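Okay, structure first, notes after.
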Amino acid sequence: MPFIVRTATPADAPTIIEYNRLLAFETENLVLDLSVLKRGVDAILVDANRGRYFVADKEGDVIGQIMITYEWSDWRNGWIWWLQSVYVRADQRKGGVFGSIYRFIEEHARKEGNVAGLRLYVEHENRTAQATYRRMGFQDMHFFLLQKLTG
């Protein structure tokens, strides 16, 4: 059965929370604090200035998601949209779900008119995801991503 891609709503929060929980465990063997995760997901779903979730919906059942957050690029005088929380339900993988959500986001970015590019990060070991992203036109960058968490 086909699916549609749409902007997530607050009603999608329980599924998004579960998919983020699964994503963290599958990719980093990380167990997230569900109360913190819930507050984080809810914050985006009620305030698009923080980011947006886009989902693949198959007859009312969310089967995949991508969140975008924003970074202003002074060098490009435009927004960089970061694709994050990329997850497709295990039984729906390799069915075009990621590609459909991605193309929806890419088209949205073009229509906005002030989006300079799309970026994402991927685990070093996740060769399957890397190959998928390269097929979508993503290229390796010349720098590493570093972080220092403060909380």
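Only a predicted model underlies this, so the values are computations on that prediction, with no experimental measurement involved.
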(request) Could you walk me through whether Leu120 and Phe138 pass the side chain to side chain contact (heavy atoms under 4.5 Å, CB included) test, one step at a time? (result) CA-CA 9 Å; Leu120 54 78; Phe138 285 87; 3.8 Å; yes

(request) Report the residues that fulfil ring pair (Phe, Tyr, Trp, His ring centres under 6.0 Å) with Tyr121, sequence neighbours left out, ordered by chain and then residue number. (result)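 By the ring pair (Phe, Tyr, Trp, His ring centres under 6.0 Å) rule, Tyr121 matches no residue at all.
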
Please table the atom pairs, donor to acceptor, closer than 3.5 Å between any side-chain atom in residues 26-37 and protein atoms at least two apart or in another chain.
{"unit_1": "Glu26", "atom_1": "OE1", "unit_2": "Arg93", "atom_2": "NH2", "d": "3.0"}
{"unit_1": "Glu26", "atom_1": "OE2", "unit_2": "Tyr87", "atom_2": "OH", "d": "2.9"}
{"unit_1": "Thr27", "atom_1": "OG1", "unit_2": "Leu23", "atom_2": "O", "d": "2.7"}
{"unit_1": "Asp33", "atom_1": "OD1", "unit_2": "Ser35", "atom_2": "N", "d": "2.9"}
{"unit_1": "Asp33", "atom_1": "OD1", "unit_2": "Ser35", "atom_2": "OG", "d": "2.7"}
{"unit_1": "Asp33", "atom_1": "OD1", "unit_2": "Val36", "atom_2": "N", "d": "3.3"}

Please enumerate all residues that pass side-chain hydrogen bond (donor to acceptor under 3.5 Å, both in side chains) together with [X], with sequence neighbours excluded.
X      : answer
Tyr102 : Glu106
Glu123 : none
Thr15  : none
Trp72  : none

Flag yes if [X] and [Y] sit in one hydrophobic cluster, no otherwise; membership is Ile, Leu, Val, Met, Phe, Trp, Tyr, and two members link when side-chain heavy atoms are under 4.5 Å apart.
X      : Y      : value
Ile101 : Trp81  : yes
Leu22  : Phe98  : no
Met67  : Ile16  : yes
Phe3   : Ile105 : yes
Tyr133 : Val115 : yes

(request) Could you list the residues that satisfy salt bridge (charged side-chain N to carboxylate O under 4.0 Å, His left out) with Arg6, not counting sequence neighbours? (result)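 By the salt bridge (charged side-chain N to carboxylate O under 4.0 Å, His left out) rule, Arg6 matches Asp12, Asp57.
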
(request) Not counting sequence neighbours, which residues clear salt bridge (charged side-chain N to carboxylate O under 4.0 Å, His left out) with Asp74? List them please. (result)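 Salt bridge (charged side-chain N to carboxylate O under 4.0 Å, His left out) check on Asp74 returns nothing, list empty.
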
Side-chain donor-acceptor pairs under 3.5 Å in residues 42-55, sequence neighbours left out?
{"unit_1": "Asp42", "atom_1": "OD2", "unit_2": "Lys38", "atom_2": "NZ", "d": "2.6"}
{"unit_1": "Asp47", "atom_1": "OD1", "unit_2": "Asn49", "atom_2": "N", "d": "3.0"}
{"unit_1": "Asp47", "atom_1": "OD1", "unit_2": "Asn49", "atom_2": "ND2", "d": "3.3"}
{"unit_1": "Arg52", "atom_1": "NE", "unit_2": "Tyr70", "atom_2": "OH", "d": "2.9"}
{"unit_1": "Tyr53", "atom_1": "OH", "unit_2": "Asn20", "atom_2": "ND2", "d": "3.1"}

(message) Could you work out, with side-chain contact (heavy atoms from CB on, under 4.5 Å) as the rule, every residue matching Gln92, not counting sequence neighbours?
(response)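 side-chain contact (heavy atoms from CB on, under 4.5 Å) list for Gln92, sorted by chain: Lys58, Ile63, Val88, Arg89, Val97.
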
(request) For the residue pair Thr132 and Gln130, establish whether any side-chain heavy-atom pair is separated by less than 4.5 Å. (result)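 No, too far: nothing below the 4.5 Å cut-off.
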
(message) For a quick test of reading the model, state the closest non-hydrogen atom pair linking Val122 to Ala129 and the distance between them.
(response)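 Closest approach of Val122 to Ala129: CG2-CB, 3.8 Å.
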
(request) Identify the two heavy atoms, one from Ile80 and one from Ser73, that lie closest to each other, and give their separation to 0.1 Å. (result)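 Distance-wise, the nearest heavy atoms are CG1-CB, 4.0 Å.
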
How long is the straight-line distance from [atom2] of [Y] back to [atom1] of [X], given to the nearest 0.5 Å?
X      : Y      : atom1 : atom2 : result
Leu118 : Met136 : CG    : CE    : 10.5 Å
Ile4   : Phe104 : CD1   : CZ    : 8.5 Å
Arg119 : Leu145 : CZ    : CG    : 10.0 Å

(message) Tell me which pairs pass side-chain hydrogen bond (donor to acceptor under 3.5 Å, both in side chains) where either residue lies in residues 139-151, with sequence neighbours left out.
(response)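 As it turns out, the side-chain hydrogen bond (donor to acceptor under 3.5 Å, both in side chains) pairs with a partner in residues 139-151, which skip direct neighbours, are Arg134-Asp140.
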
(message) Listing request: all ring-ring contact (aromatic ring centres under 6.0 Å, His included) pairs with a residue in residues 28-48, at least two apart in sequence or in separate chains.
(response)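 Residue pairs with at least one partner in residues 28-48: there are none.
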
(message) Hydrogens and angles aside, do Gln65 and Ser85 bring a side-chain donor and acceptor to less than 3.5 Å of each other?
(response)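 Ser85 and Gln65 do not have a side-chain donor-acceptor pair below 3.5 Å.
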
(message) For the residue pair Trp79 / Glu71, report whether a side-chain donor-acceptor contact shorter than 3.5 Å exists.
(response)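 Absent: no donor and acceptor within the cut-off.
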
